[in-house]
Amino acid sequence: MTWIGDNSVLIWEQLREHLFLALLPMVLGLLISVPLGYVATRFSWLANPLVALGGVLYSLPSIALFIVLPALIGTKVLSAANIVIALTIYAVSLLIRNVIDGLRSVPEDVLQAAVSVGYGTLRRVITIDLPIAVPVIFAGLRVVTVANISMVSVGAIIGIGGLGELFTLGFQQDFLTPILVGVVLSLALALLADVALVGLQRILTPWARVNTPKEA
């Protein structure tokens, strides 16, 4: 406990960095995946290649991507941009399938009804397609968020890894406390982020609560 009190500033800084490095790629991945997924549903021949490409990109080892990216995009090895871009690639790889499946789950009669009452494409996508697709998209978003929180720690190998740097510190000093603090806070972050996303999904889909059958 003494080490935690003496290093509270360091722990807080690593926690904030970890949260930033995990959540920013999640948001960017969602912003990229939604228009890509919509295009894939409009031009169905694009869907399978996009999903296949996502699978290939997600299979790339994270540590290799963290090391290779600086040479490809011209950033410094210790730049946080490497982590953000790498995790955004992983986020898009996972989310693209969920966005396509979610948009495809919108019933055809609902689409036709919207068109018949004069909904334009943009209005229909924002007010009908995406809300109906929210449960499927959020299922992928929860996986992406937890995976990002886990993978950020790997960045500690190149000197930027949020709570992962506590692991490095513990191993270098042969001291268990920083490692345990890093593990506990990583697990807590993943749990809190997942609970927050479940709550946000409930807010965005109030009709799902209304339609949930009561248990006998």
As a quick check of understanding, evaluate side-chain contact (heavy atoms from CB on, under 4.5 Å) for Val68 and Leu60, giving each step before the final call. CA-CA 11 Å; Val68 169; Leu60 296 175; over 6 Å; no

On a heavy-atom basis, the closest approach of Thr41 and Ile100 is CG2-O, 4.0 Å

Are Leu19 and Met26 connected, step by step, through hydrophobic side chains (Ile, Leu, Val, Met, Phe, Trp, Tyr) whose heavy atoms are closer than 4.5 Å? yes

Atom CG of Leu10 and atom CD1 of Ile4: how far apart are they, to the nearest 0.5 Å? 12.0 Å

Should Phe43 and Val39 count as side-chain neighbours, where that means a heavy-atom distance under 4.5 Å? yes

Please examine the side chains of Ile96 and Ile32, heavy atoms only from C-beta on, and report whether any two atoms are closer than 4.5 Å. no

Can you tell me if Gln14 uses its side chain to pair, donor with acceptor, with the backbone of Leu163 under 3.5 Å? no

Is a side-chain N or O of His18 found less than 3.5 angstrom from the main chain of Ile149, in a donor-acceptor match? yes

Taking all non-hydrogen atoms of both residues into account, name the closest pair between Leu141 and Leu95 and its distance. N-CD2, 3.6 Å

Apply the test side-chain contact (heavy atoms from CB on, under 4.5 Å) to residues Leu169 and Phe175: give CA-CA distance (whole Å), side-chain angles for both, the deciding distance (0.1 Å), then the verdict. CA-CA 8 Å; Leu169 181 64; Phe175 185 41; over 6 Å; no

side-chain contact (heavy atoms from CB on, under 4.5 Å) between Phe138 and Leu200, intermediate numbers included: CA-CA 9 Å; Phe138 264 62; Leu200 181 59; 3.8 Å; yes

May I ask you to decide if Ser33's main-chain N or O and Tyr38's side chain share a donor-acceptor pair within less than 3.5 Å? no

Establish whether Val134 and Ile203 are linked, either directly or via other cluster members, by ILVMFWY side-chain heavy-atom contacts under 4.5 Å. no

Would you say Phe20 has more than 12 foreign heavy atoms packed within less than 6.0 Å of its CZ? no

Please report the interatomic distance CG(Leu28) to CG(Leu23), rounded to the nearest 0.5 Å. 11.0 Å

Do Val99 and Leu36 have side-chain heavy atoms sitting under 4.5 Å apart? no

Path from Ile83 to Leu57 over hydrophobic side-chain contacts below 4.5 Å: yes

Ignoring hydrogens, what is the shortest heavy-atom contact between Met151 and Ser62? Give both atom names and the distance. SD-CB, 4.1 Å

For the atom pair CD1 (Ile89) and CG (Leu69), what is the distance rounded to the nearest 0.5 Å? 5.5 Å

Co-membership, hydrophobic cluster, residues Ile132 and Leu111, 4.5 Å side-chain: yes

Side-chain contact test, heavy atoms from C-beta onward, threshold under 4.5 Å: evaluate it for Pro135 versus Thr205 and give yes or no. yes

So which heavy atom on Leu50 is nearest to which on Ala40, and how close? CD1-CB, 3.8 Å

Taking atom CG of Leu65 and atom OH of Tyr90, what is their separation to the nearest 0.5 Å? 4.5 Å

So does Ala190 get a backbone contact from the side chain of Asp194, meaning a donor-acceptor N/O pair under 3.5 Å? no

Of all heavy-atom pairs linking Thr145 and Ala193, the shortest is CG2-CB, 3.7 Å

Side chain of Asn148, backbone of Ala22: donor and acceptor closer than 3.5 Å? yes

Just wondering, do Phe167 and Pro178 contact through their side chains at under 4.5 Å, heavy atoms? no

Applying side-chain contact (heavy atoms from CB on, under 4.5 Å) to Arg124 and Val117, what does each step give before you reach the verdict? CA-CA 11 Å; Arg124 196 204 71 203; Val117 297; over 6 Å; no

Heavy-atom count check: over 12 atoms from other residues, nucleotides or ligands less than 6.0 Å from Phe171 CZ? no

Donor-acceptor pair, side chain of Ser105 and main chain of Gly102, under 3.5 angstrom: yes

Heavy-atom side-chain proximity of Ile137 to Leu130 below 4.5 angstrom: yes

Please tell me if the side chains of Asn82 and Ile73 come closer than 4.5 Å, counting only heavy atoms from C-beta onward. yes

What distance separates Leu180 CG from Leu176 CG, expressed to the nearest 0.5 Å? 4.0 Å

So if you build clusters from Ile, Leu, Val, Met, Phe, Trp, Tyr with side-chain heavy-atom gaps below 4.5 Å, do Val143 and Val92 land together? no

Taking atom CZ of Arg97 and atom CG of Asn48, what is their separation to the nearest 0.5 Å? 9.0 Å

Exercise: identify the closest heavy-atom pair between Ser186 and Ser153: OG-OG, 4.2 Å

Would you say that Leu21 contacts Val84 through its side chain, given a criterion of any heavy-atom pair below 4.5 Å between the two side chains? yes

